[in-house]
Number of protein chains: 2
Amino acid sequence: MDRYVELLKKKGLKITPQRLEILRYLDENRIHPNIERIHSDLKKDNPSLSKTTVYNVIDDLTKADLLQILTINRFEILCDFKADPHHHFLCKECKKVYDLDEDFNCHLLEKIRSEGYQVDEVHGYFKGTCRSCLNKREGGK
Amino acid sequence: MDRYVELLKKKGLKITPQRLEILRYLDENRIHPNIERIHSDLKKDNPSLSKTTVYNVIDDLTKADLLQILTINRFEILCDFKADPHHHFLCKECKKVYDLDEDFNCHLLEKIRSEGYQVDEVHGYFKGTCRSCLNKREGGK
DNA sequence: TTCCTATCTTGTAATGGTTACAAGATTGAA
DNA sequence: TTCAATCTTGTAACCATTACAAGATAGGAA
Ligand SMILES: [Mn+2]
Ligand SMILES: [Mn+2]
Ligand SMILES: [Zn+2]
Ligand SMILES: [Zn+2]
């Protein structure tokens with residue numbers, strides 16, 4: 001059975017072409033796209049896709065814990081296929097959002113939990129300039 | 001000289017009553033208020049304060065690095081007087097945002113820097129349920 | 001397979017937080 | 001004291017997101 005059909009079934013969501021396409025797209029394109037990007041990319045193969053549907057599906061999938069919305073900037077909704085927990089780096093110059101795979105701060109997490117907080121989500125956002133933009137800056141002088 | 005006058009002067013910003021009031025308010029109320037809250041609280045003593053001015057001043061002070069805007073949720077602008085770097089815990093139940101004073105993940109920060117990223121900001125956001133809300137839940141059963 | 005209802009998709013309209021703008025007030029340097 | 005640059009204010013515009021209603025689809029039951 002298709003991997004994405006399985007994911008939706010497991011969460012009790014109906015199988016629709018739109019949900020499958022968006023899920024596949026996010027899994028295969030780990031670029032933290034915004035709503036506009038998802039919509040315009042998928043419209044190529046499915047011209048009738050409505051932007052409202054993209055909003056709805058992102059909402060459903062987020063509630064089902066199949067993806068997460070980043071709040072690394074407040075100007076747009078950035079979507080991330082939910083794989084292992086990881087953190088992010090936003091380059092202020094090219095605006096790309098990179099994944100950081102390294103494990104992140106178990107010590108503080110333990111500390112907070114031991115103080116009685118119930119922690120459901122851990123978000124780590126680093127902001128600055130990526131290597132590629134730094135290089136361009138060097139080259140361009 | 002007034003502490004806040006000094007801060008503004010150091011950054012080359014003109015001294016205005018609105019800027020001083022907002023700066024003082026944020027320093028004395030470390031509750032990560034949103035624009036609406038700042039505006040309505042300060043309007044009590046200064047009825048002519050415009051919401052546009054709150055937006056403008058927050059913008060100026062952020063650019064001057066005197067405060068930071070949290071992106072812990074995408075529904076509102078939360079302001080934080082810029083003191084020592086620290087991280088945050090959002091309670092999904094009462095919506096309060098707590099400061100986490102513990103030092104946070106120097107290891108990963110070093111790793112990223114060593115890989116060539118230039119890191120300007122580090123944001124750590126934890127989300128879940130705070131002790132006070134957990135207690136209420138227990139008591140209310 | 002067929003039927004039927006709950007759910008989903010779509011286009012359009014409404015919403016509301018944020019930003020743009022222009023006129024009048026204030027600041028601070030000369 | 002003067003005056004230009006900057007700031008504050010109210011109003012209007014913007015536009016991403018959400019609400020809504022009508023028609024389509026999914027999937028369980030018979
Ligand atoms: Mn990611
Ligand atoms: Mn804080
Ligand atoms: Zn870059
Ligand atoms: Zn709470």
Side-chain angles (χ1 to χ4, degrees), chain A residues 1-2 4-25 32-40 42-64 66-67 69-79 95, chain B residues 1-2 4-25 32-40 42-64 66-67 69-79 95:
Chain A
M1 193 196 291
D2 183 90
Y4 305 107
V5 170
E6 209 164 357
L7 282 173
L8 291 176
K9 278 215 167 127
K10 201 174 294 175
K11 298 294 182 175
L13 293 170
K14 281 194 177 175
I15 315 303
T16 70
Q18 294 84 353
R19 285 174 174 173
L20 288 174
E21 275 314 303
I22 291 174
L23 209 42
R24 179 192 316 283
Y25 173 85
H32 313 100
N34 62 17
I35 298 284
E36 175 57 32
R37 177 73 188 271
I38 297 169
H39 182 238
S40 69
L42 291 178
K43 224 171 151 52
K44 289 168 193 160
D45 284 327
N46 176 6
S48 76
L49 179 68
S50 160
K51 194 174 270 187
T52 299
T53 298
V54 177
Y55 277 107
N56 288 339
V57 170
I58 293 300
D59 201 47
D60 298 335
L61 298 180
T62 302
K63 279 175 183 149
L66 289 173
L67 60 88
I69 291 175
L70 305 187
T71 59
I72 196 167
N73 83 49
R74 65 189 179 79
F75 303 108
E76 51 193 351
I77 294 174
L78 300 185
C79 300
K95 311 298 180 200
Chain B
M1 192 197 291
D2 184 273
Y4 305 106
V5 170
E6 210 164 358
L7 282 174
L8 291 176
K9 278 214 169 130
K10 203 174 294 177
K11 298 295 184 176
L13 293 170
K14 282 194 176 176
I15 315 304
T16 71
Q18 294 84 353
R19 284 174 174 173
L20 288 173
E21 276 315 301
I22 290 174
L23 209 43
R24 178 192 317 284
Y25 172 86
H32 313 101
N34 60 18
I35 298 284
E36 175 57 33
R37 178 74 187 272
I38 298 169
H39 182 237
S40 69
L42 292 177
K43 226 171 149 52
K44 289 167 193 159
D45 285 326
N46 176 5
S48 76
L49 179 68
S50 160
K51 193 174 270 189
T52 299
T53 298
V54 178
Y55 278 107
N56 288 339
V57 170
I58 293 300
D59 201 47
D60 298 335
L61 298 180
T62 302
K63 280 176 182 150
L66 289 172
L67 61 86
I69 291 174
L70 306 188
T71 60
I72 197 168
N73 81 49
R74 64 190 178 80
F75 302 108
E76 51 194 351
I77 293 173
L78 300 185
C79 300
K95 311 298 180 199

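Small disclaimer: the values here were computed from a predicted structure and weren't measured. Below, chains carry the letters A, B, ... as their sequence lines are ordered, and counting in each starts from 1.
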Taking ring pair (Phe, Tyr, Trp, His ring centres under 6.0 Å) as the test, write out the residues that go with B/H32, two or more places apart.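 Here the qualifying residues are B/H88.
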Can you tell me how far [atom2] of [N] sits from [atom1] of [X], to the nearest Å?
{"X": "B/I58", "N": "D/dT8", "atom1": "CD1", "atom2": "P", "result": "12 Å"}
{"X": "B/L61", "N": "D/dC7", "atom1": "CG", "atom2": "P", "result": "11 Å"}
{"X": "B/L78", "N": "C/dG17", "atom1": "CG", "atom2": "P", "result": "14 Å"}
{"X": "B/L20", "N": "D/dT8", "atom1": "CG", "atom2": "C1'", "result": "14 Å"}
{"X": "A/D59", "N": "C/dT7", "atom1": "CG", "atom2": "P", "result": "16 Å"}
{"X": "B/I38", "N": "C/dG17", "atom1": "CD1", "atom2": "P", "result": "15 Å"}
{"X": "B/L8", "N": "C/dT26", "atom1": "CG", "atom2": "C1'", "result": "15 Å"}

Results of salt bridge (charged side-chain N to carboxylate O under 4.0 Å, His left out) for [X] - residues two or more places apart only:
{"X": "A/R24", "answer": "A/D2, A/E21"}
{"X": "A/K10", "answer": "none"}
{"X": "A/E76", "answer": "none"}
{"X": "A/E6", "answer": "none"}

Measuring to OP1 and OP2 of C/dT26, would you say a side-chain N or O of B/Q18 lies under 4.0 angstrom away?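 No, B/Q18 has no side-chain N/O under 4.0 Å of OP1/OP2 on C/dT26.
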Taking only side-chain N and O atoms of B/S48, does any of them lie within less than 4.0 angstrom of OP1 or OP2 on D/dT8?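 False: B/S48 side-chain N/O out of range (4.0 Å or more) of D/dT8 OP1/OP2.
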Heavy-atom count check: over 12 atoms from other residues, nucleotides or ligands less than 6.0 Å from A/K9 NZ?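 Not more than 12 within 6.0 Å, no.
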Hey, can you pull the donor-acceptor pairs under 3.5 Å for the side chains in residues 53-64 of chain B, sequence neighbours left out?
{"unit_1": "B/N56", "atom_1": "ND2", "unit_2": "B/T52", "atom_2": "O", "d": "3.4"}
{"unit_1": "B/D59", "atom_1": "OD2", "unit_2": "B/K63", "atom_2": "NZ", "d": "3.0"}
{"unit_1": "B/D60", "atom_1": "OD2", "unit_2": "B/R19", "atom_2": "NH2", "d": "2.9"}
{"unit_1": "B/T62", "atom_1": "OG1", "unit_2": "B/I58", "atom_2": "O", "d": "2.6"}

With sequence neighbours left out, what residues match A/K51 under side-chain hydrogen bond (donor to acceptor under 3.5 Å, both in side chains)?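 side-chain hydrogen bond (donor to acceptor under 3.5 Å, both in side chains) check on A/K51 returns A/E36.
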Using C1' atoms of five pairs at each end, report the bend of the helix from C/dT1-D/dA30 to C/dA30-D/dT1 rounded to 10 degrees.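 Answer for the end axes of this duplex: 40°.
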Check whether any side-chain heavy atom of B/N34 sits under 4.5 Å from a side-chain heavy atom of B/I77, and report yes or no.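 No - every pair of side-chain heavy atoms lies 4.5 Å or more apart.
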Each nucleotide of nucleotides 17-30 of chain D classed B (base within 4.0 Å of a protein heavy atom), S (only sugar-phosphate) or -, in 5' to 3' order, makes SBB------BS---
